[in-house]
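What's counted below: heavy atoms across the whole structure, side chains too, no hydrogens, waters or symmetry copies. Predicted model only: the values in this text are computed from it and were never measured.
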Amino acid sequence: MKTSPEPGRDSQTDRNLIETDPKTDTLHKFSLQFKDQNAENSYIMSLIYPKCQNFQATKVENHYYFLTTLLAILIIYSLGYIFSYELSSSLTFQLLILNISGLCFYILYFLIRKQLLSTLLPEILQFFYFSISTALILNGKFLQIWIFNSSSSAFSCIFGILLMQTTSKFVLLFTFRAFFITNLLISFVYLALNIASEQDLLLTLLEFFVLFISTVIETMKFYFSELEYRERYEISSINIQGKNKEAMTEIESITFYIQQALGIVNMLMFTSVRYKANMKELFEVLNKVLKGIMTKTNLYEVDMEGITAGMDAEDKIFMKEYVKDNKKPPPESLKSELRKTIELPKRYQVEDLLGVLRQVGNNWNFDIFFLAECTANKPTTTIGKYAIGKYRLDEIFKINESICQKFFEKLESSYKLNPYHNSTHAADVLSSFLFILHQSILFEVATDYEILACIIANLGHDVGHPGFTNRFLVNSRDSLALTYNDLSVLEMMHSSLSFQIMQEPGANILEGLPNDVFIAVRLQIIEMILATDMSKHFDLIGKLKAKIVSSPNRPIDTPEHRLEIMRIAIKAADVGHAAKSRDLHIKWSHLVIEEFFLQGDLEKAKGLTVSMYCDREKTDIPKSQSGFIKNIVLPIYESLNNYIASTVIDSDCIEELKRNQSEWEHAHTRKRLFTTKPGSLDMGDTPMLKTLKSLGSDFRNSTE
């Protein structure tokens, strides 16, 4: 088993880092200010220019909400004055004092957006907020009577001020302290001016009380929102600074640095007027580079159109046929509505098992061992026939029932009687894969030929497995390693053998497919089986993670996108037992451990170096299983679900993974080192290990 970089930390861990790491821009929890002034300035800039930062504390829509609210206030109060007064110099003054302050703010906001004003921005915006609020107060009813000696009614300024309070947070006022001080000052200005007007003291005090209470409540809300935003901002900064310390694939490294460059260029576009055009051009170029990296399946693929530009028609055809690996575009098979309804088939001699098989694709903890017992150890044949009928693939692709039966029987008989890599494991992988498929949007867009390829790939992904790892086959100079040149030895053999079985008389399940569909199905089967090679693990996961970062929309609308997700899905299904219920997981764990130990015994007999976790004399089983889940399985499921975003997979699979990993970790701490010898399983006294010990005894009794 391989180890991988530690999975992403949770938010609590990140918060602990903020509080303990001296290298971070520590956040003071009372004043909510960063000790590093550069960090403080950068945070404020992310609020003023929400579009130009990698981290966005607030949405640009919040700016639009405030601008719209202010415009509505200006219009409503202006109309109120016009309808309440006859045309006079006092009316003209009242309209001007309010609307000029509003107009000046809009001009200021435009200048800031165009980067024509870049100094003291928080202070200037705070001043205009205060000025507009004061203008509203000066146009209040009592002040109109006091200043202009007018007894006409008017809107209370309180409504306008309260509206500005609720929409100005993180738009004009960027800290809870500035918000509280400014609005407190506005409240006392209101109180002082209205008391001086000597008009209705009780109403003045009541409105002041409303304004003051609103200021306190909104300040408290502002504080907690600001605390969350600043912590998110600092976590984002830590993640960016710490990204270089994490293990990344080459493609992740490249995309990471390009995204850093995009963030810098984007920021410069908003702060440098002189070179804005150049920055915009550079930004577009970097975006094209990033898009090209993430959309090309082969970064080193040549441009055949450019190479053959000066050739005649015949030479062009020759070059494309013999020099370039020119795959045909995948066909568009008809989408069957019957498949969408998932009606249960009443054929293929599985009627008696429909009650059991109905759980396939719907129950993550489907007990495949029970199905194997019910079918006289023919779970692959049974579930294969059921899946073909369930999705009506026999009708769509004209698959003869006897051919379907023979293919799956031949496939099942080609599996060896290994403890773990056997036909029961193959059937379990298909069941797990179909659950993942059904619980995601992938099922709604998958074509019929893709479903067919998935069924064959899952059931054939370990066919002919000898019970040994690729490393063992290469080191022992096995004939399989010689045949497949040490490259994905087992996976090459599995895919080849799957198609060799189809060459036997009456077993070609794909014989009714048109040639273009056959090519697409064959390609997908091979790609999915090869994806189960653990040596490709980090490459596949790294590419998916990079695609998630660069493609927020998570595209699955093309066959290439779907194939990429299906390759990760079959990997998840292949190690899916780690995410099953405790009893199923323990049962599978014992089988894989026993198979590893059998390889270790043979390595000792051949004088080879014993592979890690294959030595029954020294292996710390809880440690090996805990590490396997944490370093291999959990990153697969988290990366997959980050793309397909299934709440069911999160609750049924990922949470169970964490529980199983925690139990193994607990078992490891209870008994640091123990020995497993033939005839005895000294596993300690934790519940998980007691179950494993019991299963070990049952397994030995069944094989003796």
Which side-chain N or O atoms in residues 479-488 pair as donor and acceptor under 3.5 Å with protein atoms at least two apart or in another chain?
unit_1: Thr483; atom_1: OG1; unit_2: Ser479; atom_2: O; d: 2.8
unit_1: Ser488; atom_1: OG; unit_2: Asp533; atom_2: OD2; d: 2.6
unit_1: Ser488; atom_1: OG; unit_2: Lys536; atom_2: NZ; d: 3.1

Check whether the side chains of [X] and [Y] place a donor and an acceptor atom closer than 3.5 Å, and report yes or no.
X      : Y      : result
Asp478 : Ser476 : no
Glu603 : Gln599 : yes
Asp428 : His577 : no
Glu491 : Asn470 : yes

Any sub-3.5 Å donor-acceptor pair from [X]'s side-chain atoms to [Y]'s backbone N or O?
X      : Y      : value
Ser414 : Lys410 : yes
Asn660 : Lys580 : yes
Tyr386 : Leu357 : yes
Asn641 : Ser646 : yes
Trp364 : Ala579 : yes
Glu595 : Tyr420 : yes
Asn418 : His465 : yes
Thr375 : Leu371 : yes
Thr382 : Pro379 : no
Ser495 : Met492 : yes

Could you grab the distance from atom [atom1] of [X] to atom [atom2] of [Y], nearest 0.5 Å is fine?
X      : Y      : atom1 : atom2 : value
Leu434 : Ile383 : CG    : CD1   : 6.5 Å
Thr381 : Phe407 : OG1   : CZ    : 10.0 Å
Ser498 : Leu459 : OG    : CG    : 9.0 Å
Cys454 : Leu442 : SG    : CG    : 7.5 Å
Ile570 : Ile529 : CD1   : CD1   : 6.5 Å
Ile636 : Ile654 : CD1   : CD1   : 11.5 Å

**Message:** I'd like to know if Lys378 pairs up with Glu412 as an ion pair, taking the criterion as any Lys NZ or Arg NE/NH1/NH2 lying under 4.0 Å from an Asp or Glu carboxylate oxygen.
**Reply:** no
**Prompt:** Is the closest basic N to carboxylate O distance between Arg582 and Glu656 below 4.0 Å?
**Reply:** no
**Asked** Can you find a heavy atom in the side chain of Asn475 that is under 4.5 Å from one in the side chain of Lys606?
**Response** no
**Message:** Ser440: which residues meet the side-chain hydrogen bond (donor to acceptor under 3.5 Å, both in side chains) condition with it, sequence neighbours left out?
**Reply:** none
**Item:** Heavy atoms from other residues, nucleotides or ligands near NZ of Lys604 exceed 12 (cutoff 6.0 Å)
**Value:** yes
**Item:** Option from Asp652, Val648, Thr647 for which side-chain contact (heavy atoms from CB on, under 4.5 Å) with Gln439 holds
**Value:** Val648
**Request:** Check each of His425, Lys571, His421 against His461 using the side-chain hydrogen bond (donor to acceptor under 3.5 Å, both in side chains) test, and report the only one that passes.
**Result:** His425
